[in-house]
Structures are given as structure tokens and as C-alpha cells.
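Structure, as C-alpha cells:
Excluded from the calculations below are hydrogen atoms, water molecules and symmetry mates; all remaining heavy atoms, backbone and side chain alike, are included.
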Amino acid sequence: MGIRLPGIINAKKILRRSWSNVSQSASTATDVPKGHFAVYVGETYKKRFVVPISYLNHPSFQDLLSCAEEEYGFDHPMGGLTIPCNEDAFLILTLHLNSS
């Protein structure tokens, strides 16, 4: 079973992605639609994604949250939820969560 690049492209379309740079001012709650939350993903350069709250119920996403807790505790450098994984892995996970 290989990883298909079209799946990653579709995942990017599915996610409502904010192209704001980390250095820009923090976004307000109005940037995130009801039923969603923002996360910052990446190993060095953090990108912001807006994902559905329903992801919180999935064990795979909960594993990512555990990694975030181990890495950052409750003091996230971005001021929001920061997930320490590479962007492609996150996109593959969200594609899987969207198809289930």
C-alpha cells in the first residue's frame, strides 16, 4: 500500500487552511468557524490549519495531542495548539479521518 500524492492534494483542499505566516499577528476567534479549531503543524515552520472538532474523538488525533503535550506541555509557543509532526503526515491523517 503506497502513499498517493493526489490524496495529499485532496486533503489540502478539504482542510480550510490559513496562509498567514507565524510572524503575523494572532488570529481572532472569528477566523475559525463554529465547530472547528485551529492547530499549528510542522517541525520547524508551523502552518495553521482549521480542523473540525470531531477530530478530537479519533484515537489517531488523540495520539498527536499526547505528543503535543509531551513536547510543549501547556505552554504552546504559537499561542494555540501546536502539533509536532511534519505537514505531510498531518495531511495524510486528516485525509484518513475525513474518509472514515
Side-chain angles (χ1 to χ4, degrees):
M1 179 176 160
I3 298 174
R4 297 179 343 181
L5 288 178
I8 292 174
I9 294 168
N10 287 336
K12 286 184 178 182
K13 289 180 183 177
I14 291 170
L15 290 174
R16 286 180 218 111
R17 184 177 185 175
S18 170
W19 292 98
S20 60
N21 289 331
V22 172
S23 61
Q24 291 179 336
S25 63
S27 61
T28 62
T30 58
D31 292 304
V32 181
K34 186 175 182 177
H36 293 75
F37 64 101
V39 295
Y40 295 91
V41 177
E43 294 170 331
T44 54
Y45 179 75
K46 309 288 189 237
K47 296 200 178 180
R48 184 174 181 263
F49 293 88
V50 178
V51 297
I53 288 177
S54 63
Y55 283 8
L56 295 172
N57 294 324
H58 294 278
S60 299
F61 199 82
Q62 291 173 0
D63 289 342
L64 281 179
L65 293 177
S66 294
C67 290
E69 180 183 7
E70 290 174 14
E71 180 86 16
Y72 303 112
F74 294 104
D75 184 28
H76 292 269
M78 301 298 301
L81 181 58
T82 306
I83 297 179
C85 75
N86 80 32
E87 183 182 350
D88 290 337
F90 182 76
L91 291 171
I92 291 168
L93 173 65
T94 56
L95 179 64
H96 173 72
L97 294 178
N98 283 325
S99 65
S100 59

Answer yes or no: is there a side-chain heavy-atom contact under 4.5 Å between [X] and [Y]?
| X | Y | result |
| --- | --- | --- |
| Leu56 | Phe37 | yes |
| Leu93 | His58 | no |
| Glu87 | Tyr45 | no |

### Residues which pass side-chain contact (heavy atoms from CB on, under 4.5 Å) with Cys85, listed by chain and number, not counting sequence neighbours
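Scan of Cys85 (side-chain contact (heavy atoms from CB on, under 4.5 Å), adjacent residues dropped) gives Val41, Leu64, Ile83, Phe90.
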### Task
With side chain to side chain contact (heavy atoms under 4.5 Å, CB included) as the test, would you mind laying out the steps for Leu81 and Leu65 before giving the verdict?
CA-CA 9 Å; Leu81 181 58; Leu65 293 177; 3.5 Å; yes
What's the separation between atom [atom1] in [X] and atom [atom2] in [Y], rounded to the nearest 0.5 Å?
| X | Y | atom1 | atom2 | answer |
| --- | --- | --- | --- | --- |
| Tyr55 | His36 | OH | NE2 | 8.0 Å |
| Gln62 | Cys67 | CD | SG | 12.5 Å |
| Asn86 | Ile92 | CG | CD1 | 8.0 Å |

